2 protein chains.
Amino acid sequence: MTITQLSYVLAVAEHQNFTKAAQKCFVTQPTLSMQIQKLEDQLDILIFDRSKKPIELTEVGKKIVTQARNIVNESYRIQDIVDQEKGFIGGEFKLGIIPTIMPTLLPMFLNNFVKKYPKVKLKIEELTTEEIIARINDGHLDAAIAATPLENETIKERVLYFEPFVAYVPNNHRLRDNKKLNITDLDIDDMLLLEDGHCFREGVINLCKAFKNHTDDKFQLESGSIETLIKLSNEGLGMTLLPYLHTLDINEKSKANLHYFTEPSPAREVSLIYHKSELKMQIIEALQDVISGVIRGAIAFQNVQIVSPISKK
Amino acid sequence: MTITQLSYVLAVAEHQNFTKAAQKCFVTQPTLSMQIQKLEDQLDILIFDRSKKPIELTEVGKKIVTQARNIVNESYRIQDIVDQEKGFIGGEFKLGIIPTIMPTLLPMFLNNFVKKYPKVKLKIEELTTEEIIARINDGHLDAAIAATPLENETIKERVLYFEPFVAYVPNNHRLRDNKKLNITDLDIDDMLLLEDGHCFREGVINLCKAFKNHTDDKFQLESGSIETLIKLSNEGLGMTLLPYLHTLDINEKSKANLHYFTEPSPAREVSLIYHKSELKMQIIEALQDVISGVIRGAIAFQNVQIVSPISKK
DNA sequence: AACATCTATCAATAAAACTTATTGAATATC
DNA sequence: GATATTCAATAAGTTTTATTGATAGATGTT
């Protein structure tokens, strides 16, 4: 049994196709067929059920794949140990970011980071929290930035900052004249929300539900981006909540519509999250350093209360 | 990097000698030299400091060895998964047993076990608890039978039975006329003990100390075996405590000297212990089954209090 | 029936792992 | 101080293994 064979098994298990898996492994299809057969012969058991189309794992195969993923990941860790020893910070690093954090945070730290760590090849993807968790667990992401706490056993979190919620209240709104808003003023019924799948939406719902226990779970208007949310609000369709960093680059006219909360302001906790195996920990720590550095200048709020990003049913 | 290379590194790290390690790996010494060099070249780091005699691990080397042991063990686990699937219970299995359990328990289950699981090649070694813990952790033992709880994070325990302590009181002793003994009757000063290194000795000391806090830690007479302990006691040199199973095969005359404790009788907890990685779990469970089976008929005590086998300073 | 898709098999080749024999350095012995 | 002894590294040659391109066979599609 070799680590190479195990990684071939992982590739076929993932793509459910020898030919595609072979491409991903940068070998030809016969190589995969033969090496996997050899492993199956040695273990004297079938890992794949080749009668099914597309190809499927056998019951033992599933267990073997789980264990193989373990072994292959642990083997990467050896290079990691060496890198750490040498103080080398580089190589490919895949970072996921949720949509409501991406446009505001990324421009703030990306330049700093690539200048400070030029050997790291950052590959950034915008993904929902759900997708991020799946891809951290299957090893397709090295780390991600998301709202926390996630209460997920396989994933570790390092808090980067707390980002307060800011209300955006249009001209005609009933709360127009409240200079400082209280959480209890909120009503889910006149709140514009992001569409399903965004954890910021869940945060807002949790916040509103905390004070009014609403039975009606049907929301009037939903949007895919915070930009659109502001425009809809300007049209008089309701108020909305924005993450603080988004309020920094809206136009001057709209800024007049921002209403801050009385302290402790509701806020989301934004963290760098990664698999508990702590692979590529040096790069994760480098990211944390850079992001914490740029954020210190941008968010000054002291007194906040954290709103959970997880939908509670 | 291959699993083979990693196991070569482990062998050299263990034997601190390429030639001996090569023999253990069933290859020639140049093979080890070359493969390890190749790994060092690929990682671009030295794992061994060859200037030292005998050869030593570098600092990174130590970390790599820890990780390598992980990977190699996890790779064994794949064969384990397959065995489990096939219901195959066999292969070499190394079991450690502490000296005060070995002579009484082993004859009770060994025959049953080898008949029921003829494909398992049991290799049994008599070792102290301390040695057992070290050898379970370094993979030289698959499991062991010892007094518990050990309070060791890397080792898991499955309780097999509780073995009461029975007092052996010679003719001339002050406790001679107490039919049933109480723990508070015990005095460490007239107690014959096993020599240092036996956990049964620690158990007895813990038991005595629990009721008399003695400052004097010098014991009068010590012995290497329970047989000798009984003989010394017969010579009038003091009383002693025996594990219950040992009382089953002492001669008739001596049996008159046995005094049981009032319930709850002090007892040691005897467990099957193994590494938390749970390698060869099928065989461990098979052992547990067989031993529990034979013990059920031998020990009927209900009400016991467990004495810790660990020296508390 | 012809075509497309996908895996297994075969023979050839490139790469690697391993072996025996030998060297060289360090240490111990006379 | 010369001579063994020990032990890892190196060299050269052999065997084994991994990989490839070409192709056959199986299965499903138009």
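A quick note: this is a predicted structure, and the numbers were derived from the prediction, not measured. Chain A is the first sequence line, chain B the second, and so forth, proteins listed ahead of strands; every chain is numbered from 1.
Under the rule for a side chain to side chain contact (heavy atoms under 4.5 Å, CB included), the partners of B:Q29 that lie at least two apart in sequence or sit in another chain are B:F18, B:T19, B:A22, B:S33. Looking at residues two or more places apart in sequence or on another chain, you find a side chain to side chain contact (heavy atoms under 4.5 Å, CB included) between B:E195 and B:H198, B:E222.
When each of A:E157, A:K156, A:R158, A:K280 is checked for a side-chain hydrogen bond (donor to acceptor under 3.5 Å, both in side chains) with A:Y274, only A:R158 meets the rule.
Ion pair A:K116/A:D289 not flagged as a salt bridge, since none of the NZ, NE, NH1 or NH2 atoms sits closer than 4.0 Å to an Asp/Glu carboxylate oxygen. At a threshold of 4.0 Å, the pair A:K24-A:E14 does not count as salt-bridged, since none of the basic side-chain nitrogens sits closer than that to a carboxylate oxygen. A salt bridge does not link A:K123 to A:E125: none of the charged nitrogens lies less than 4.0 Å from a carboxylate oxygen.
Annotation: side chain of B:I145 is in contact with side chain of B:I291 (closest heavy-atom distance under 4.5 Å). A heavy-atom distance below 4.5 Å is found between the side chains of B:T31 and B:Y8. Here the side chains of A:F113 and A:V120 are in contact, with some heavy-atom distance below 4.5 Å. The shortest distance between side-chain heavy atoms of A:T154 and A:I133 does not fall below 4.5 Å.
As judged by a 4.0 angstrom heavy-atom cut-off over every strand, B:P30 is placed among the base-contacting residues.
No side-chain donor-acceptor contact under 3.5 Å links B:T4 and B:S7. Side-chain contact of B:D83 with B:Q79: a donor-acceptor pair under 3.5 Å is present, judged by distance alone.
Residues of residues 6-23 of chain B having a heavy atom closer than 4.0 Å to DNA chain D, listed by number: B:N17, B:F18, B:T19. Contacts between residues 35-45 of chain B and DNA chain C, counted as heavy-atom distances below 4.0 Å, involve B:Q35, B:K38.
With a heavy-atom cut-off of 4.0 Å to chain B, the contacted part of DNA chain D has its first and last nucleotide at D:dC7 to D:dT10.
Within a 6.0 Å radius of NZ in B:K86, more than 12 heavy atoms belonging to other residues, nucleotides or ligands are found.
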Review item, nucleotides 25-30 of chain C N/O atoms under 3.5 Å of protein N/O:
none

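Not one side-chain nitrogen or oxygen of B:T31 sits closer than 4.0 Å to the OP1 or OP2 atom of C:dA17.
Atom CD1 of B:I3 is separated from atom P of C:dA17 by 13 Å (rounded to the nearest Å). The distance between atom CZ of A:R50 and atom C1' of C:dC6, rounded to the nearest whole Å, is 12 Å.
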